[in-house]
Amino acid sequence: MAAFTQTVRSAFTKVPRWVYLTAAWVLAALFPVLNALDLVQTAWIRVGVLSLLFALLALGLNIIMGETGLLNLGYIAFFAFGAYTTALLSSPKFDLHWPFAALIVVSALVAMLGGFLIGLPTLRLRGDYLAIVTLAFGEIVRLTIVNVPTLTNGPNGITGIDFLKPLGPGVTARLQSAGLPQAVSNLLTIDKPTEYYYLVLVCVALGALLLSNLKNSRVGRAWNALREDELAAVSSGITASRMKLLSVLLSSAIAGFAGSLYAYYSNVISPESFIFMQSVIVVCMVVLGGMGSIPGVILGAIVLQALPQVIRESAGAARSEFEVYRMLVFGVIIVAMVVLRPEGLLPDKLWRGQAHEADPRELERTRQTLFDLEEGEQDLEA
Amino acid sequence: MRHGWARKSLVLALAVVLCFGATGLAGCSGQKESTEETSGQGPVETIKVGVQTALTGPLPDYGDAAKKGCELAAKDFGTFEMNGKTYKVELVVLDDKAEPAEAAVVAQTMVDDGVVGVIGSLTTGATLSAIPIYAQNRIPLISGSVTGPKANESGVDTFYRTCWSDAIQGEALAAWAQELGAKKVVLMDDNGAYAVGLADVAEKALKSAGVQTLRQNCQSGDKDLSAQVANIKEFGPDAVIFTGYHPEAGLLRKQMIESGLGDVIFMGGDGIKSTEFIAEAGGTKNAEGCYATFGGFPEAQQPGYEEFAAKYEKAYGAKVGPYAQNNYDAFGALIAAIKAAGSTNTEDIIAALQNLTYEGVTGTFSFASKAEGSVARGDIVVEGLTPANVPRYVVKNGEWVGVE
């Protein structure tokens, strides 16, 4: 039996990585075709859009959490910055209707500014302390949104956000009045779940590409060094504050970008979307998928977002009666995943070793080395 | 190997959960079959009605009551004759966890399922994010519990509600303050959606009647309101309307009396109409003479309440949960609209809802066909209800009693 699993495992590892990755992207791109053929309900496309939006968020959080090793429990606040920026500048609230191209950049910049403001004073904190500060930050942002009704409509949320027009409202209107065929003119407005799906899929693909290049660059290596041992990293010439700030800025910009897409997608935003629980869910996606692993966190996001719907639909005819137990099963499955695969679904090479207990022989060897070193020091002092 | 025991117990736990699921499945499908056999005369057509609510998340008791209200209604109105055919309603109950993102997925699932109408959702955020999807797919959505005046700000013709909008109370408070002869009124809210919405409506109504107003606010959970009390004292009003909930209302009343503002008329919405308000205001003496309106007729005045409560208690062995009768009415109104339309086409049902007058548990009502003043499109229009006869209460001898 053991020999058999060994053969299967080696057969799987022999297939090059790019084959798996290509297959995954092709499958993701073909998913809406199933809906067009009526094999899959439209609700699944919406689950797909949400999964991919959260995959973007998880990719962003992975930069600070997975690569740089800074725990952020208020990450959803940056998502809120992006969503509210877009909502305010493209809704009847102030009767502003900025074009998509400008808003997506402005939303990312606003979230980045938020990241800068919180990052500057807090990055000297480590571990638990940073977690507490970021948690508080996330709640402050949400409570501020609730309590400034003149700007954000408070708990009533902002409704009637414009439909996403990639070319901007002006150009689209001019093109449409120029007498384009209906089919082409419909494509100028992104308002159907499938259209959003492809838009977000492209964004996730670009994000993954950018981040995997960054991961293997000087900057990525510096982040990893800081995560493993800050003192050692600083003494090797890495400017810790600059590198940490860079990672916070980039991750908050990605969250702002995702927030902007979310505002367009949902047409309505309210503070209930940015509660602490959502921050926790994104952290879970990163941890469950595999910290520091780009395919891992994307898979983690998809699994966590899709699982509730999978459980719902698998109850079949008893769906209505089973709804109450759905989140219970969800919890059991998550606990199972954490127990069975503590390193994550698709772990990063560096993290794989850390999730399991160390080999006792390895520990003994380390202890011996430390002991030898201490003895050496004592010799020197003597 | 190290994880051997953990793996085993986990597999066991999963097996137990799956067994529960399977028995649940078997039990339910059994029930369904038996009901179908009894209603077997003539051609039977099954139509689906959705119930989108929050069974898990922050308000499971409200969600459960909504579900039960709809289930009772399905029992009472769910089988009906139309055009020589027997129609039978199948409820599709889905949980949106009161989460806006999940609410969109649930709404789409309902649409995919081919429901002819949906009762829901429970909370404002979830309902707001579901409204555009139902509007786009032309499916009527009737909520029995969303009271925020701005829920249908976009004015779609697919959203209706069978509970009173907070705007009704806002108008009533403004009218009452004027009846009491107030010329200068302070409006104070707690920055929450409910309180701000109510105060906005009341402020607008008072201003348009030429009453001088001052707006103040606090945070829910505040333990000291002396700054606001000082502002109120400086303004010198005849009446103070606090639109939030009883803890801050009680505190405000207490601190106002302490600074010699005991003679100012003190009013509030249904957030303060609770016995706790009396204790929080510092006892019977302090609370005496405070006024409150209420966002619905008292249960004794609801024509069908007694019968409904008996049915509910018999079916579930529990007291009627919050908004259960409003959800019951929502379902009833939807079926009445289907019958009035003589069709299960959603376009026809939407048209019928706009012209429907329905005799429900809570009273006879119709739906507003257009936005007008503080009334939004699809809001409940209760027969014979004016700002002057919204239920009014006053504290007398340490108890809230109705004002005739």
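FYI, side chains are in, hydrogens and waters are out, and symmetry mates aren't considered; it's all heavy atoms of this structure. Since the model is a prediction, treat every value here as computed from it, not as a measurement. First the proteins, then the strands, lettered A, B, ... as listed; each starts at 1.
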**Student:** Would a 4.5 Å heavy-atom cut-off, applied to side chains only, mark Pro100(B) and Phe274(A) as touching?
**Tutor:**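 Side-chain contact under 4.5 Å: no.
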
**Student:** Hey, are the side chains of Leu50(A) and Val105(B) touching, using non-hydrogen atoms and a 4.5 Å cut-off?
**Tutor:**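 Side chain of Leu50(A) against side chain of Val105(B), heavy atoms only: contact under 4.5 Å found.
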
**Student:** Between Leu94(B) and Arg312(A), which heavy-atom pair has the shortest distance, and what is it?
**Tutor:**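 Taking Leu94(B) first and Arg312(A) second, the nearest heavy atoms are CD2-NE, 3.7 Å.
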
**Student:** Could you tell me which portion of Ala107(B) (side chain, backbone, both or neither) has an atom closer than 4.5 angstrom to a non-hydrogen atom of chain A?
**Tutor:**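 No part of it gets close to chain A.
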
**Student:** Taking all non-hydrogen atoms of both residues into account, name the closest pair between Asp112(B) and Gln41(A) and its distance.
**Tutor:**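 Nearest heavy atoms, Asp112(B) then Gln41(A): OD2-CB, 3.2 Å.
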
**Student:** For Thr109(B) and Glu313(A), does a side-chain donor sit closer than 3.5 Å to a side-chain acceptor?
**Tutor:**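 Per modelled atom types, Thr109(B) and Glu313(A) side chains form no pair under 3.5 Å.
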
**Student:** Select one option (side chain, backbone, both, neither) describing which atoms of Pro271(A) are under 4.5 Å from chain B's heavy atoms.
**Tutor:**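 Contact with chain B: none, neither part.
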
**Student:** Answer with side chain, backbone, both or neither: which region of Ala103(B) has an atom nearer than 4.5 Å to a non-hydrogen atom of chain A?
**Tutor:**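 Ala103(B) has no heavy atom closer than 4.5 Å to chain A.
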
**Student:** From Glu323(A) CD over to Asp95(B) CG, what is the distance, rounded to the nearest 0.5 angstrom?
**Tutor:**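 Between atom CD of Glu323(A) and atom CG of Asp95(B) there are 5.5 Å.
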
**Student:** Side chain, backbone, both or neither: which part of Gln305(A) has a heavy atom under 4.5 Å from chain B?
**Tutor:**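 Neither part; nothing is under 4.5 Å.
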
**Student:** If you compare all heavy atoms of Gln108(B) against all heavy atoms of Pro193(A), which two are closest, and at what distance to 0.1 Å?
**Tutor:**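 Scanning both residues completely, I find the closest heavy atoms to be OE1-CG, 4.2 Å.
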
**Student:** For Asp113(B), is it the side chain, the backbone, both, or neither that has a heavy atom closer than 4.5 Å to a heavy atom of chain A?
**Tutor:**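 For Asp113(B), backbone and side chain are both near chain A.
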
**Student:** For the residue pair Asn156(A) and Leu128(B), what are the closest heavy atoms and their distance?
**Tutor:**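 The pair with the smallest heavy-atom distance is O-CD1, 2.9 Å.
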
**Student:** Just so I understand: if I count every heavy-atom pair under 4.5 Å between each of Glu99(B), Lys150(B), Glu153(B), Gln219(B) and chain A, which residue has the most?
**Tutor:**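 When all of Glu99(B), Lys150(B), Glu153(B), Gln219(B) are compared, Gln219(B) has the most.
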
**Student:** So which residue, Ile133(B), Val92(B), Val51(B), Asn217(B), ends up with the most heavy-atom pairs under 4.5 Å with chain A?
**Tutor:**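 Among the listed options, the one with the most contacts to chain A is Ile133(B).
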
**Student:** Any donor and acceptor pair, going by atom type alone, linking the side chain of Asn267(A) with main-chain N or O of Pro132(B) inside 3.5 Å?
**Tutor:**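 Flag not set: sc Asn267(A) to bb Pro132(B) has no pair under 3.5 Å.
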
**Student:** Testing Leu143(A), Val146(A), Asn147(A) one by one against Asn191(B) for a side-chain contact (heavy atoms from CB on, under 4.5 Å), which residue passes?
**Tutor:**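 Exactly one pass, corresponding to Asn147(A).
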
**Student:** I need the Leu55(B) CG to Phe322(A) CZ distance, nearest 0.5 Å.
**Tutor:**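 So the CG of Leu55(B) and the CZ of Phe322(A) are separated by 13.0 Å.
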
**Student:** Counting only heavy atoms not in Lys93(A) (residues, nucleotides, ligands), do more than 12 fall under 6.0 Å from its NZ?
**Tutor:**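 Yes, NZ of Lys93(A) has more than 12 neighbouring heavy atoms, counting only those of other groups under 6.0 Å.
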
**Student:** Does Tyr325(A) OH have over 12 foreign heavy atoms under 6.0 Å away?
**Tutor:**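 Atom OH in Tyr325(A) is not packed in, count stays at 12 or less.
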
**Student:** Taking all non-hydrogen atoms of both residues, which atom of Ala126(B) and which atom of Glu272(A) are closest, and how far apart?
**Tutor:**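 In this case the closest contact between Ala126(B) and Glu272(A) is N-OE1, 4.1 Å.
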
**Student:** Does a side-chain N-to-carboxylate-O contact under 4.0 Å join Arg326(A) and Glu102(B)?
**Tutor:**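 Salt bridge present between Arg326(A) and Glu102(B).
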
**Student:** How long is the straight-line distance from NZ of Lys97(B) back to CE of Met277(A), given to the nearest 0.5 Å?
**Tutor:**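 Reported to 0.5 Å precision, the distance equals 8.5 Å.
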
**Student:** Which atom names give the shortest non-hydrogen contact between Thr56(B) and Val324(A), and what distance separates them?
**Tutor:**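 Between these two residues, the closest heavy atoms are CG2-O, 3.9 Å.
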
